[in-house]
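Before I ask anything, here is the structure I am working with.
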Amino acid sequence: MAENQLQGQQPAKQASTAVLVKQMISQENVRKKFAEVLGQKAPQFLASITTVVQGSAQLKKCDANSIMSAAFVAATYDLPIDPNLGFAAIVPYNESVYNPQTRNWDKVPRAQFQMMYKGFIQLAIRSGYYEKMNYAVVYKDELISHNPITGELEFVTDFSNCTQRNEGKPENIAGYFAWFRLKTGFQQEFYLSVADVDNHAKKYSQAYRYDLEKGKKSSKWSTDFDAMALKTVIKLLLSKWGILSVDMQRAIQDDQKVYDEEGNGAYGDNKPDVIEAQDAFAISAQDNLEEPESTQVGGLDLEEVE
């Protein structure tokens with residue numbers, strides 16, 4: 001995989017993660033690897049890694065190699081890692097690692113690469129196959145009917161009488177919708193109700209189940225349900241019916257994996273989504289930060305980072 005070993009000579013262990021990341025970025029072999037995939041954009045991208053780490057108390061606790069590996073995955077897609085932009089992010093989570101000395105499972109902070117819903121859309125646009133695509137939160141007064149067997153939807157034709165969207169009340173949301181039209185003329189739409197998405201999140205997200213059980217808000221499912229729901233419908237739509245470019249196939253597989261310094265990726269504590277097992281992606285893997293101690297992660301509130 002392109003995201004092979006990024007570490008050179010490991011700096012002193014007592015150095016902070018922020019210092020380690022800066023030292024790794026300054027290494028010639030690391031800069032060369034990023035330049036190979038980003039060209040002239042590499043210096044700016046490398047600087048953004050430092051900015052993201054400096055703005056995140058939780059990332060500062062993570063292994064520097066996992067941060068750099070996650071950043072390199074994002075670089076291979078030429079996607080910015082500022083989570084505020086909504087394309088890709090470096091997300092901290094606690095990985096359970098067995099300690100043979102204590103015979104306990106210790107929580108070890110790691111960083112994972114995460115595609116965001118705009119990232120999937122960007123890759124679809126770049127493929128050149130899609131003529132048009134869109135996504136939306138659907139409110140109850142906009143939806144007439146949905147057949148879950150055939151997937152057929154009927155929306156109102158006159159939206160001037162619909163008021164719930166402007167009110168923006170979560171209890172008036174009916175579901176989440178995405179669609180595309182290929183240049184060949186083929187088009188496909190996909191819809192999930194709020195209940196469908198909630199059941200999906202409960203099934204595949206350990207962090208969301210933890211939040212519900214403990215009354216916490218440690219995952220993005222708990223704090224930004226709409227964004228996660230839109231990502232879910234977009235990802236499922238593209239993986240089931242879209243034309244998958246090489247980059248899109250890689251993105252579906254790489255999303256929410258953690259990479260070590262050897263470039264080996266794994267889903268950590270997260271349960272892969274078996275719906276599309278042939279594509280080997282985990283639709284709702286989470287950060288698994290059970291006890292958030294900071295309010296900021298890469299510019300977003302920690303509670304708002306998946």
Side-chain angles (χ1 to χ4, degrees), residues 1 3-25 30 49-50 52-74 81 83 88-115 204-211 213-214 216-222 253-272 282 284-298 300-306:
M1 185 176 286
E3 48 276 16
N4 284 338
Q5 185 172 354
L6 287 174
Q7 72 170 30
Q9 295 297 320
Q10 184 74 352
K13 290 185 178 180
Q14 65 269 21
S16 67
T17 296
V19 171
L20 289 172
V21 168
K22 285 185 178 180
Q23 291 179 351
M24 293 174 73
I25 287 175
V30 172
I49 301 174
T50 302
V52 168
V53 174
Q54 288 177 338
S56 167
Q58 290 295 333
L59 277 179
K60 289 176 182 176
K61 299 177 183 179
C62 294
D63 172 65
N65 285 316
S66 68
I67 292 173
M68 293 300 296
S69 294
F72 187 71
V73 177
I81 55 175
I90 302 175
V91 179
Y93 87 109
N94 288 325
E95 180 180 6
S96 294
V97 177
Y98 183 71
N99 187 328
Q101 296 180 341
T102 62
R103 297 184 180 181
N104 293 321
W105 288 90
D106 298 332
K107 294 292 185 180
V108 179
R110 307 281 191 197
Q112 68 175 197
F113 163 76
Q114 187 171 110
M115 287 286 294
Y204 294 105
S205 171
Q206 293 182 16
Y208 186 52
R209 293 196 302 271
Y210 174 86
D211 285 351
E213 293 172 1
K214 304 295 184 180
K216 294 182 178 293
K217 291 184 177 293
S218 63
S219 76
K220 195 172 183 180
W221 276 111
S222 300
Q253 295 173 350
D254 288 345
D255 183 32
Q256 296 161 338
K257 277 186 176 180
V258 178
Y259 290 88
D260 60 22
E261 61 271 21
E262 301 296 332
N264 301 312
Y267 288 109
D269 291 335
N270 302 305
K271 179 181 179 181
S284 57
Q286 299 297 312
D287 58 316
N288 296 317
L289 285 168
E290 298 180 354
E291 298 285 346
E293 301 175 5
S294 171
T295 59
Q296 289 289 313
V297 172
L300 286 181
D301 286 342
L302 176 61
E303 296 175 342
E304 297 179 353
V305 177
E306 176 188 2

Practice item. Answer yes or no: is there a side-chain heavy-atom contact under 4.5 Å between Val53 and Lys60? Key: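 They are in contact (side-chain heavy atoms under 4.5 Å apart), so the answer is yes.
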Exercise for review: Examine distances only and state if a side-chain atom of Ser69 and a backbone atom of Asn65 form a donor-acceptor pair shorter than 3.5 Å.
Suggested key: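 Between the backbone of Asn65 and the side chain of Ser69 there is a qualifying donor-acceptor contact (under 3.5 Å).
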Check your understanding: For the residue pair Leu20 and Ala64, what are the closest heavy atoms and their distance?
Key ->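 That would be CB-CB, 3.7 Å.
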Check your understanding: Taking all non-hydrogen atoms of both residues, which atom of Pro92 and which atom of Gln58 are closest, and how far apart?
Key ->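 Residues Pro92 and Gln58, closest heavy atoms: CG-CB, 3.8 Å.
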**Study point:** Interatomic distance, Cys62 atom SG to Met68 atom CE [nearest 0.5 angstrom]
**Key:**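 The CE atom of Met68 is 14.0 Å from SG of Cys62, to the nearest 0.5 Å.
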Point to revise | Partners meeting side chain to side chain contact (heavy atoms under 4.5 Å, CB included) with Lys22 (sequence neighbours left out) | key: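 Thr50, Gln54.
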Review point. Closest heavy-atom contact between Val52 and Leu59?
Key: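 Here Val52 and Leu59 meet closest at CG1-CD1, 3.6 Å.
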Review point. Out of curiosity, Arg110 CZ to Asp63 CG, how far, rounded to the nearest 0.5 Å?
Key: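 Answer for the CZ-CG pair, Arg110 versus Asp63, is 5.5 Å.
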Exercise for review: Could you tell me the separation between the NZ atom of Lys217 and the CG atom of Asp211, rounded to the nearest 0.5 Å?
Suggested key: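 Answer rounded to 0.5 Å: 8.0 Å.
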Point to revise | Spacing of Ile49 atom CD1 and Ile67 atom CD1 [to the nearest 0.5 Å] | key: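 Ile49 CD1 to Ile67 CD1: 9.5 Å, rounded to 0.5 Å.
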Check your understanding: What is the distance from atom CD1 of Ile90 to atom CD of Gln114, rounded to the nearest 0.5 Å?
Key ->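 It is 11.0 Å, given to the nearest 0.5 Å.
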